[in-house]
2 protein chains.
Amino acid sequence: MGHRDGFEKPGSRAENREEIERAILNAAEEVFAQKGFGGATMQAIADACHLPKANLHYYFSSKETLYRRVVERIFTIWLEAADSFETSATPDVALRRYITRKMQLSREHRYGSKVWANEVMHGAPIIHDYLETSLRRWTETRIAVIRRWSAEGAIHDVDPRWLLYMIWSTTQHYADFAHQIETLNQGPLSDAQWVSATETVCQIILRGIGLNGDGLDGVAPL
Amino acid sequence: MGHRDGFEKPGSRAENREEIERAILNAAEEVFAQKGFGGATMQAIADACHLPKANLHYYFSSKETLYRRVVERIFTIWLEAADSFETSATPDVALRRYITRKMQLSREHRYGSKVWANEVMHGAPIIHDYLETSLRRWTETRIAVIRRWSAEGAIHDVDPRWLLYMIWSTTQHYADFAHQIETLNQGPLSDAQWVSATETVCQIILRGIGLNGDGLDGVAPL
DNA sequence: AATAATCTTGACTGAATGGTCAAGTCTGTT
DNA sequence: AACAGACTTGACCATTCAGTCAAGATTATT
């Protein structure tokens with residue numbers, strides 16, 4: 001048996017295994033995003049990472065196992081991004097950072113976002129427990145923060161839930177509906193367009209709840 | 001042969017046929033929404049409308065034909081709703097109506113919205129041409145209107161596209177992510193919650209672009 | 001070098017599923 | 001009543017696909 005020293009020698013079995021699993025997960029994420037769980041085939045995933053199909057089953061016992069791992073990986077990325085919603089900052093800064101980070105994720109993890117959306121739309125059969133535990137916990141802490149902001153008069157009185165849903169939907173839309181957006185745009189969004197879209201989302205939401213949307217940390221004028 | 005008088009006698013063949021087709025389409029919409037195209041089976045759809053599977057194939061030649069009809073039906077409902085965005089009204093009224101109507105659609109046509117989202121997420125293989133023709137045409141007229149509003153100083157300067165995407169995503173989120181919302185809410189949204197959510201969306205967006213969000217048709221204060 | 005463990009892969013299998021069909025039933029017309 | 005066209009349906013077929021397997025290749029351990 002190998003070493004128990006916690007990290008892997010380059011080229012070692014364990015390291016190689018991780019690398020292959022990552023490659024499979026990446027391929028699976030893309031295929032699941034494009035075809036859905038039912039429409040994806042193990043063969044298509046195998047082709048996408050240039051491995052024989054039987055090999056996938058060596059690393060992941062079943063299609064469902066593989067799918068579950070894909071979804072779990074996405075969820076952790078999402079939770080990490082969620083931490084950019086710092087509860088200590090001013091509403092201005094906290095929301096701006098959070099929205100910006102979520103837009104960035106939509107751009108860089110289009111497939112992950114789509115898989116997540118798919119999963120939730122189909123009733124979250126796999127991740128239902130995550131929703132009820134991790135996601136709920138996270139949401140509740142942020143709701144509390146937003147309530148405090150309201151109470152302090154820092155922002156208008158809004159139901160924190162509707163505000164959060166607005167942020168989630170608006171930002172994720174750029175990943176999930178990328179095809180529609182790109183069709184209307186006659187091509188992918190440019191860097192400048194991403195910046196502009198992000199800025200617009202920030203401004204409308206910040207102004208919408210009574211902050212002045214410009215990037216400067218001013219206080220809302222009377 | 002029957003009559004060519006344009007409408008059907010109650011209980012007539014033609015009327016009965018329409019009724020059955022509608023039942024199948026409704027069942028299909030729900031199953032496609034819940035399982036996706038690949039995950040849905042003709043058998044499941046047949047069960048959902050209490051007909052033998054062979055019968056579906058009498059009315060719709062193939063699964064893809066049935067799916068296409070479902071998507072087309074949704075698209076027309078969507079376009080009709082889109083007309084509530086009256087180009088003649090003031091921004092205040094036009095946007096408020098449109099958002100309200102879209103929220104209502106999300107509540108009443110949850111499955112339709114999900115099928116549409118699914119289709120777009122998977123690259124819109126079936127409806128790509130609709131996006132390029134009808135949807136683009138509709139979008140361009142509204143963009144022009146919003147531009148005019150900006151030019152007249154009625155609303156802040158925003159890229160109309162980002163504003164439209166924001167409205168679409170925020171409202172549709174309540175249908176597409178209903179499961180997540182209901183999980184966090186520990187049950188379906190009440191009537192009051194729907195009203196409250198709708199109101200919040202209206203207010204944030206209207207205020208966000210420089211209108212005063214309250215339902216009264218006031219002019220933005222200086 | 002010998003042995004054991006891990007990994008690779010083409011060929012195969014069983015179940016699920018879209019679609020067909022032919023025999024029958026019902027409905028409207030003459 | 002008789003006929004024709006429309007509708008219904010259980011049984012069936014062909015295909016696709018997740019998952020298995022066994023034989024071989026590669027890598028680690030002694």
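Residue numbers begin at 1 in each chain, while the letters A, B, ... track the order of the sequences. No hydrogens, no waters, no symmetry mates; every other heavy atom, side chains included, goes into these values. The shown structure was predicted, so the numbers you read here are calculated from the model rather than taken from an experiment.
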Whether A:Arg17 contacts C:dT6 is assessed here as follows: a side-chain N or O lying under 4.0 Å from the phosphate OP1 or OP2. Is that the case?
no

Below 4.0 angstrom from OP1 or OP2 of C:dT8, is there any side-chain N or O of A:Tyr59?
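Checking A:Tyr59 against C:dT8: at least one side-chain N or O falls below 4.0 Å of OP1 or OP2.
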
Rounded distance (Å) that lies between atom [atom2] of [N] and atom [atom1] of [X]:
| X | N | atom1 | atom2 | answer |
| --- | --- | --- | --- | --- |
| A:Phe60 | D:dT20 | CZ | C1' | 19 Å |
| A:Glu21 | C:dT8 | CD | P | 11 Å |
| A:Tyr67 | D:dA18 | OH | P | 15 Å |
| B:Asn16 | D:dC7 | CG | C1' | 10 Å |
| A:Met42 | C:dC12 | CE | P | 21 Å |
| B:Lys63 | C:dT20 | NZ | P | 15 Å |
| A:Ile20 | C:dT6 | CD1 | P | 15 Å |
| B:Glu18 | D:dA6 | CD | P | 16 Å |

Residue pairs, two or more places apart or on separate chains, that pass salt bridge (Lys or Arg N to Asp or Glu O under 4.0 Å) and touch [range]:
| range | result |
| --- | --- |
| residues 37-55 of chain A | none |
| residues 25-46 of chain A | A:Glu29-A:Arg73 |
| residues 110-128 of chain A | A:Arg110-A:Glu182 |

By side-chain hydrogen bond (donor to acceptor under 3.5 Å, both in side chains), which residues pair with [X], not counting sequence neighbours?
| X | result |
| --- | --- |
| A:Trp168 | A:Tyr98 |
| A:Arg107 | A:Asp191 |
| B:Glu86 | B:Arg97 |

Among residues two or more places apart or on two chains, list those pairs meeting side chain to side chain donor-acceptor pair (under 3.5 Å) that have a residue in residues 135-146 of chain B.
none

Are A:Glu72 and A:Tyr130 linked by a side-chain donor-acceptor pair shorter than 3.5 Å?
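A:Glu72 vs A:Tyr130: donor-acceptor pair found between side chains.
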
To the side chain of B:Ser62, which of D:dT8, C:dT8, C:dG19 is closest?
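That would be C:dG19.
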
Please work out which of the three classes, parallel, tilted or perpendicular, describes the rings of B:Tyr174 and B:Trp194, given edges at 30° and 60°.
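Judged by the thresholds at 30° and 60°, the geometry between B:Trp194 and B:Tyr174 is tilted.
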
Pairing string of DNA chain D (Watson-Crick or G-U wobble, both atom distances under 3.5 Å; | = paired to other strand) is ||||||||||||||||||||||||||||||

Could I get the full list of ring pair (Phe, Tyr, Trp, His ring centres under 6.0 Å) partners for A:Phe177, not counting sequence neighbours?
A:His173

Give me the distances for all protein-to-nucleotides 9-14 of chain D N/O pairs that come in under 3.5 Å?
| from | atom 1 | to | atom 2 | distance (Å) |
| --- | --- | --- | --- | --- |
| D:dT9 | OP2 | B:Asn55 | ND2 | 3.4 |

Within residues 25-41 of chain A, residues whose heavy atoms come under 4.0 Å of DNA chain D:
A:Ala40, A:Thr41

For B:Pro160, give me all partners under side-chain contact (heavy atoms from CB on, under 4.5 Å), at least two apart in sequence or on another chain.
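Checked B:Pro160 against side-chain contact (heavy atoms from CB on, under 4.5 Å); matches are B:Ile143, B:Ile146, B:Arg147.
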
